[in-house]
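A short write-up of the structure that comes next.
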2 protein chains.
Amino acid sequence: MSRAATTSDVFNAIAEPRRREIIGLLAGGQARSVNDLVEAMGLAQPAVSKHLGVLREVGVVSVQQDGQRRLYSLNASELKAVHDWASQFERFWSAQVDRIKERAERKAAEVAKKN
Amino acid sequence: MSRAATTSDVFNAIAEPRRREIIGLLAGGQARSVNDLVEAMGLAQPAVSKHLGVLREVGVVSVQQDGQRRLYSLNASELKAVHDWASQFERFWSAQVDRIKERAERKAAEVAKKN
DNA sequence: TTGACATATTCCCGTATCGGAATATTATTA
DNA sequence: TAATAATATTCCGATACGGGAATATGTCAA
């Protein structure tokens, strides 16, 4: 068996840096034309269109026709799955943060005691 | 240019479902041997070893020798990047949740008014 | 040392990737 | 209708993937 298709799920879709870049560009909330994205990314138009196709297929992005352009906008709710999955591990590093905070407080208390 | 290597960054590493499965199995916090994972996953040993190799390379997992076994444990802090990236879009769906909550409250108020 | 066990590595195959080039499609304007 | 602009699709080459089979490496125990 080979690698899972990029279009199979969100995790595969966002594995590609250029696609994360597109998502970032659309994170402002306003729709952008393909050419707009092409210029912003310095990538050829077909390449951008293909990335948009993948994002469209997994539902991360949606299109809206505007004359002879196509305006793409972010459908961020589709990224919730990724957030939820990652949140599962939040306790690991938040515990670390807590420990650091605790240590800092102890240190501050010691300094206060000295003076 | 070809596809980015799986080992290039965490996003690529977690794109593969089997690797997310491994991460899930190690999320309990205790280290697990390769054979343990092999049995839990129903996948051949070389395949599991290779996935572990990828996760090791990006730092999501670390090894500890234990006799003739190798115990793998999760290094969840490496997943923080994914969480942080996804958090950037949290406002999109939390706004949605707020709207749903608001509507529910309005409805509850109406019902209360009726009775 | 020899044998058994646990794990990693190599090689191979079928498949999918990404980007470039060329072309097709769709929408607008003259 | 013809020409032009915006975008999508197809084909290609180089590359990497994931899994299976076979093999190598490493570790212990007798």
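A quick note: this is a predicted structure, and the numbers were derived from the prediction, not measured. A note on names: the letters A, B, ... follow the listed sequences, proteins ahead of strands, and every chain is numbered from 1.
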Checklist entry - Can you list, by residue number, the residues of residues 57-64 of chain B that have a non-hydrogen atom closer than 4.0 angstrom to DNA chain D? => result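 Output list: empty, so none.
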
Next on the checklist: Let's see if you get this right: which residues in residues 23-40 of chain A place a heavy atom under 4.0 Å from DNA chain D?
Outcome noted: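 The stretch gives S33(A), V34(A), N35(A) as the residues lying under 4.0 Å from the strand, ordered by number.
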
Item to check | Joint cluster assignment, V60(B) & W85(B), ILVMFWY side-chain distance < 4.5 Å | outcome: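 Yes; W85(B) is reachable from V60(B) via cluster members.
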
Item to check | Residue that, paired with Y72(A), satisfies side chain to side chain contact (heavy atoms under 4.5 Å, CB included) out of L55(A), V34(A), L25(A) | outcome: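 With Y72(A) as partner, side chain to side chain contact (heavy atoms under 4.5 Å, CB included) holds for just one option, V34(A).
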
Item to check | N35(A)/V38(A) under side-chain contact (heavy atoms from CB on, under 4.5 Å): CA gap, chis, key distance, verdict | outcome: CA-CA 5 Å; N35(A) 239 325; V38(A) 165; 4.2 Å; yes

Item to check | Those residues that, when tested against R69(A), pass salt bridge (charged side-chain N to carboxylate O under 4.0 Å, His left out) (two or more places apart) | outcome: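 Salt bridge (charged side-chain N to carboxylate O under 4.0 Å, His left out) list for R69(A), sorted by chain: empty.
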
Checklist entry - Does D84(B) have any salt bridge (charged side-chain N to carboxylate O under 4.0 Å, His left out) partners at least two apart in sequence or in another chain, and if so, which? => result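 Here the qualifying residues are K80(B).
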
Length of the [atom1]-[atom2] vector between [X] and [N], whole Å:
X: N12(A); N: dA16(C); atom1: CG; atom2: C1'; result: 11 Å
X: L71(A); N: dA8(D); atom1: CG; atom2: P; result: 11 Å
X: I22(B); N: dT7(C); atom1: CD1; atom2: C1'; result: 14 Å
X: E16(A); N: dA16(C); atom1: CD; atom2: P; result: 17 Å
X: L52(B); N: dG18(D); atom1: CG; atom2: P; result: 13 Å

Checklist entry - Of all heavy-atom pairs between V58(A) and A13(A), which one has the smallest distance, and what is that distance? => result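 Result for this residue pair: CG2-CB, 3.8 Å.
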
Next on the checklist: Quick check: closest heavy atoms across W93(B) and L79(A), and the distance to 0.1 Å?
Outcome noted: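 For W93(B) versus L79(A), the nearest heavy atoms are CZ3-C, 3.9 Å.
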
Item to check | Interatomic distance, R70(A) atom CZ to S49(A) atom OG [nearest 0.5 angstrom] | outcome: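 So the CZ of R70(A) and the OG of S49(A) are separated by 8.5 Å.
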
Checklist entry - When you check every protein heavy atom under 4.0 Å of nucleotides 20-30 of chain D, what one-letter string (B, S, -) results, 5' to 3'? => result BBB----BS--

Checklist entry - When you check the phosphate oxygens OP1 and OP2 of dA6(D), does a side-chain N or O of Y72(A) lie under 4.0 Å from one of them? => result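 It does not, given that no N or O in the side chain of Y72(A) lies less than 4.0 Å from OP1 or OP2 of dA6(D).
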
I'd like to know if the side chain of [X] and the backbone of [Y] have a donor-acceptor N/O pair within less than 3.5 Å.
X: N75(B); Y: S62(B); value: no
X: S87(A); Y: E90(A); value: no
X: R20(B); Y: I14(B); value: yes

Next on the checklist: Heavy atoms from C-beta onward define the side chain here; which of dT9(C), dC18(C), dA8(D) lies closest to that of R56(B)?
Outcome noted: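 Out of dT9(C), dC18(C), dA8(D), the nucleotide with an atom closest to R56(B)'s side chain is dT9(C).
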
Item to check | H51(B) side chain to R19(B) side chain, donor-acceptor N/O pair below 3.5 angstrom | outcome: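 Result is yes, a qualifying pair exists.
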
Taking N or O atoms only and anything under 3.5 Å, show me the protein contacts with nucleotides 1-3 of chain D, one pair per line.
none

Checklist entry - Do the side chains of F92(B) and L74(A) get nearer than 4.5 Å, heavy atoms only? => result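 They are in contact (side-chain heavy atoms under 4.5 Å apart), so the answer is yes.
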
